Amino acid sequence: MLDQRFDPAASEAQIYQRWEEADCFKPSGDTSAEAYSIVIPPPNVTGVLHMGHALNNTLQDILIRYHRMTGKNVLWQPGTDHAGIATQMVVERQMAESGSNESRASLGREAFVERVWEWKEESGGQIIGQLKRLGASCDWSRTAFTMGEDGSDDDQMVRAVRKVFVDLYNEGLIYRAKRLVNWDPHFQTAISDLEVENKEVAGHMWHFKYPLAGGATYTYVEKDEDGNVTLEEERDYISIATTRPETMLGDGAVAVHPSDERYAPIVGQLCEIPVGPKEHRRLIPIITDEYPDPDFGSGAVKITGAHDFNDYQVAKRGNIPMYALMDERGTMRSDGAPYAEVAETAGRIARGQESFDEAKITAMNLVPDEYRGLDRFEARQRVVTDITAEGLAVMVADAEGTETPLVENKKVMQPFGDRSGVVIEPMLTDQWFVDAETLAKPAIEAVKTGKTRFVPENWEKTYFNWMENIQPWCVSRQLWWGHRIPAWFGPTADKKENGALDVYDYQGQIFVGESFEKVKQLASNYYGYPVSEAESITELQQALFSEENNTSEVQAEFKFLDLRPKSIPLVQDPDVLDTWFSSGLWPFSTQGWPDADGNEDLKTFFPGSVLVTAFDIIFFWVARMMMQGIHFMGEVPFKDVYIHALVLDEKGQKMSKSKGNAIDPLELIDEYGADALRFTMAAMAAQGRNVRLSKQRVEGYRNFSTKLWNAARFCQMNECANWEGALDPTTLTQPVNQWIVGELAKTGAEATTAIEEYRFDGAAGAVYRFIWNIFCDWYLELIKPLLNGEDEEAKVETRRTAGWVLDEILKLLHPFMPFVTEALWEQLGEDGPKRDGFLMLQAWPTYDEAFENATAAEEMDWVIDLVTEVRSVRADLGVSPGSKVPASLVNASETNTARLERHGEVISRLARLEGLGVVEETPEGAVTTVVDEALLALKIADIIDIGEAKARLTKEIAGLEKDVTGIEKKLGNENFVSRAPADVVEENRQRLADGKVRLEKLKGALARLAQL
RNA sequence: GGGCGGUUAGCUCAGCGGUAGAGCACUACAUUGACAUUGUAGGGGUCACAGGUUCGAUCCCUGUACCGCCCACCA
């Protein structure tokens, strides 16, 4: 006998364990069956399950369980992501909080990475355990990790990443370049555009005067739209607006639009940056460029190529030097020569008296001595203060004529690191870039031609928009935790005819290969000398300088001539790859690529059937998988991309720990069970919307599972449970049984279609309604008389049908509520013939047309309508619920007379009636109502308020009259009759006829009431 | 500035060219009879606004207003 209710806390883990031990999650291996595969979006290895995961993985598990039941060879590929920045951050924070003196720096690279591996081993199982609690039926024996087992050279995952890097490099699709990139001063690494969040913050716009060189002046003229002069004055300066005064120190020019007549007289002249020691004021040229907007601000823009993305473009176009001002922590540089000296050089460059190259500019630190080492925001304040003190701020007069510096308070968009939260600084650095534009082209094409389909479709637009405007992808990170870039730097060297080398710098030459062994070959061919691996530049320097190697004279710094070294030292790039670089390979790297022996799985399970993810990582992940998948596999990585909503709190806010509004899915599982949470996720997963989660909703679905449990309990008590074999609907004789199997078939079809179309809410809703509103509310009530009756044949048939329908219900509900359904499947099976294995491995139900019996459906609808009508009348007229009311059906048709004979007992029972039969005359003292063609008479006139009964009828008549009038009007409209589809017209005629008949009867009933 | 989406019952949301729906909440009644994590009945909506297309619009089109989100370089 089943317990009173299902206890998720006690059962779920145990059921899960038995599935797992029985290898239920593994692919069937039946290669004759269609393959169905999904790769899990790998959660951060050290992460914890949040509501987004709960939704994401519930939907995947529904698909996986459904397709597994349909007999496919199903793989749900699990795994975790090493999550470079996030994990490194966690471990660093732990060390800081532990109170020990250890830090990343103190440990050094090797020990620190070792520590992260330890942390991965320690906490990496947590999220997987949590996914198991949710019921995720992944094949855990294949659990993958984006860094492989141990990150060693021969690890398959590592080899996959290296091969991709090397191949792309050799194809010219990965290159190293000095570019302006987003720099995170907190983590001290470059990050990609996507990892930057632009936020609007309160800022200021300062206006400063850049005096013309040598006190030159010009006539500044402003005109309105009609060309009338509105301002004309002599000026000895050009006015500049900036939100970032500290970057003035690195200005290389002032730019104006070529069409801007105001500044035409001074284009080509020099002006002075109004900051820094007076005696070393730096001069910069006034140039023209298309970039400045003459209508914005003063129309003149300072150009700081090394600290602003727009300025960078202008500087590149105009060959303007880009002076870097900050170090990797975002503080003002304090390296290099004293300011006076550097400013002098810069001056000569500006006047065209000295040539320059990239290396030279990079080495120049133009931060005045007194600002060196300052934090960038502190420096900003100092610059503003100093300029203002000198009277070079643009002044504005108030109403009383008092002049104050012009400082506009305005909202400015500022870039923040999505992980660090600090202001991102554009920095000129050497980084590795992927030519995303080239890779994007076939990825765009694949979606255009439908090889990959977005569901819902509208996300294609988002995808196209981003892909068509894609920028080079910066893939190098100055972190320690991640895939080390397989590139080695060696000295730039010329080979001389005598076989000796002239070496010009330490690491100008790049060798890319999958291992040092391969690179060694490349490099020794290149140099004509053996090569060795050095740990660092220092080591490399020492090697080059060492006596035994250096047979030459050192002519100048960085130059070694006539070198005949025993070996040439190479240093591996210290940087690691962007996490998404390896995540992008996930669909095939998890299937054994690039190894030949991995190809069976690869053939079977690649491409994936569908990728299930939220829209916030379309760019980060989906796009990258598309690009890398198509490039390396020659095929799209998945056929469908199902984009689901974000989980928000009840108020529609994004859940986050910091806001404190996060609901922990594990707490919900503890409280209501995984099934309830899963069903909530499915029911709320309407396409293209956000999911607002409330506990109440989860509680409601927990109640649903209890409802099912009790229905099963009822079946069990009545010996309905667990009958063997299939059910042949054509052998059924009882209308109620014929009807329920038809309703079940409809539900099955509805649920199946909905799942196939990724309408999880539709599928969940269909099953929910069938179970609660049809099976429990009606069917179980309707069969009670049969189960308790004398007719043995009918009893057997009913037990059999009820038990069979219940089993079918368990199958249909299983993908949504795997635990309670599996528990019922098992426990119901205990009394009868043994179950044929786990529910989760049963075949998904399909039903042919024989299950639908229209006659039985009409009959049972009539029964239900009749009962409902009586209940409604009774409730409205205040008849006490317990009392039995004498009732009869007046002038019923033959059909309904027969129906009443069959179902009179159950109708009487459900509607609390007695003496129910068919009569020809309306009995005395009866209140009547209309059911179908007949009048239903209830002998309650003496116990109710006649006024209320009248009111009830009057209201119904009024409503019906409104309907009838509306339809009459419609049918009176010639255009409607002639243009509307025939079936719609016919339907309306029928409704009108039915309505009129009913109306007449209701009016008759009201008249009769009036006589009482 | 560009793009996407939303506006339907008190709340959260489905629906979608032809009778406006669900869950929760609310109201009334019901308790030995599978289930109070329950049952029965009920109240509640000019489907944001304005035009248009159509025999017919909550649904399609155009515009307006608010509300979200994403992308974007205005110093």
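Note that the structure is a prediction, hence the values are computed from the model and not measured. Values below: every heavy atom of this structure, side chains too, minus hydrogens, waters and symmetry copies.
Remark: the separation of the P atoms in B/G15 and B/G21 is 15 Å, to the nearest Å. Using atom P as the reference point in both B/U58 and B/C4, the two lie 25 Å apart (nearest Å). When the P atom is compared between B/C66 and B/C49, the two are found 16 Å apart, to the nearest whole Å. Using C1' as the reference atom, B/U32 and B/U12 are 38 Å apart when rounded to the nearest Å. Nucleotides B/G17 and B/A36 have their C1' atoms positioned 44 Å apart, rounded to a whole Å. The C1' atoms of B/G68 and B/C13 are separated by 16 Å, rounded to the nearest whole Å. Straight-line distance between the P atoms of B/G3 and B/U62: roughly 13 Å, to the nearest whole Å. With P as the reference atom, B/U46 and B/C11 are 13 Å apart, rounded to whole Å.
Consecutive pairing runs in RNA chain B reach the stem threshold at B:1-7 with B:65-71, B:10-13 with B:21-24, B:26-30 with B:38-42, B:48-52 with B:60-64, where a stem means at least three Watson-Crick or G-U wobble pairs with distances under 3.5 Å.
A/Asp616 has its CG atom 18 Å from the P atom of B/G5, to the nearest Å. Distance A/Arg5 CZ to B/U38 C1': 11 Å, rounded to the nearest Å. When rounded to the nearest whole Å, the span between CZ of A/Phe976 and P of B/A57 equals 12 Å. Going from atom CD of A/Glu750 over to atom C1' of B/G15 covers 13 Å, rounded to whole Å. With rounding to whole Å, A/Asp983 atom CG is found 10 Å from B/G18 atom C1'. Regarding A/Ile809, its CD1 atom lies at a distance of 14 Å from the C1' atom of B/A34, rounded to whole Å. Rounded to an integer number of Å, the gap from A/Leu824 CG to B/A34 C1' is 12 Å. For the pair A/Ile617 CD1 and B/C69 C1', the computed distance is 17 Å after rounding to whole Å.
With a 6.0 Å cutoff to the six-membered ring centre and a 45° limit on the axis angle, A/Arg624 counts as a cation-pi contact of A/Trp473. Judged by the 6.0 Å distance and 45° axis criteria, A/Lys707 is not positioned over the aromatic ring of A/Phe775.
Between the side chains of A/Ser872 and A/Arg952, at least one donor N or O sits under 3.5 Å from an acceptor N or O. Looking only at atom types and distance, the side chain of A/His257 has no donor-acceptor partner in the side chain of A/Asp293 under 3.5 Å away. No side-chain donor from either of A/Glu699 and A/Asn703 sits under 3.5 Å from a side-chain acceptor of the other. Residues A/Lys302 and A/Thr304 bring a donor and an acceptor atom of their side chains to less than 3.5 Å of each other. If you check the side chains of A/Glu905 and A/Ser908, you find no donor sitting under 3.5 Å from an acceptor. Looking only at atom types and distance, the side chain of A/His207 has a donor-acceptor partner in the side chain of A/Glu408 under 3.5 Å away.
A salt bridge links A/Glu671 with A/Lys695: the closest approach of a Lys/Arg side-chain nitrogen to an acidic carboxylate oxygen falls below 4.0 angstrom. With respect to the salt-bridge test (charged N to carboxylate O, under 4.0 angstrom), the residues A/Glu956 and A/Arg998 qualify.
The residue A/Glu986 sits apart from the nucleic acid: no heavy atom pair falls under 4.0 Å. Residue A/Cys715 is classed as having no contact, given no heavy-atom separation below 4.0 Å to the nucleic acid.
Aromatic rings from A/Tyr768 and A/Phe816 are positioned such that their centres are separated by 6.0 Å or more.
Put simply, the side chain of A/Arg317 never gets that close to the backbone of A/Tyr312: no donor and acceptor are under 3.5 Å apart. Between the side chain of A/Ser11 and the main chain of A/Pro8, no donor-acceptor pair closer than 3.5 Å is present.
Of the listed residues (A/Val407, A/Thr243, A/Val394), just one forms a side chain to side chain contact (heavy atoms under 4.5 Å, CB included) with A/Trp206, and that residue is A/Val407. Under the side chain to side chain contact (heavy atoms under 4.5 Å, CB included) test applied with A/Val885, the options A/Val873, A/Ile940, A/Val870 reduce to a single match, A/Ile940.
Residues from residues 961-975 of chain A that place a heavy atom under 4.0 Å from any atom of RNA chain B, listed by number: A/Lys970, A/Asn973, A/Asn975.
In the interface, the side chain of A/Gln4 is not paired with the base of B/A34 through any donor and acceptor atom under 3.5 Å apart.
The side chain of A/Lys461 contributes an N or O atom lying less than 4.0 Å from OP1 or OP2 of B/C4. Close to B/C35, at under 4.0 Å from its OP1 or OP2, lies no side-chain N or O of A/Asn703.
Judged as a salt bridge (Lys or Arg N to Asp or Glu O under 4.0 Å), the pairs with a partner in residues 455-470 of chain A (not counting sequence neighbours) are, in order, A/Lys448-A/Glu468.
Of the residues near RNA chain B, A/Val977 and A/Glu699, the one whose nearest nucleotide (by heavy atom distance) lies more toward the 5' end is A/Glu699. Checking A/Arg991 against A/Arg713, the closest nucleotide of RNA chain B that is more toward the 5' end is the one next to A/Arg991.
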Find every protein N or O atom lying less than 3.5 Å from an N or O atom of nucleotides 40-42 of chain B, and list the pairs.
residue: B/G42; atom: OP1; partner: A/Ser872; partner atom: OG; Å: 3.2

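Ring pair A/Phe615/A/Trp459 is parallel by interplanar angle, where below 30° counts as parallel and above 60° as perpendicular. Ring pair A/Tyr642/A/Phe760 is perpendicular by interplanar angle, where above 60° counts as perpendicular and below 30° as parallel.
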Legend entry - Per-nucleotide protein contact string for nucleotides 20-29 of chain B, where B marks a base within reach and S marks sugar-phosphate only (heavy atoms under 4.0 Å, - for neither): ----SS---S
Legend entry - Under 4.0 Å protein heavy-atom contact, by nucleotide of nucleotides 70-75 of chain B - B base, S sugar-phosphate only: -SBBBB
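When distances are taken from the side chain of A/Lys707 to each of B/C35, B/C4, B/U37, the shortest belongs to B/C35.
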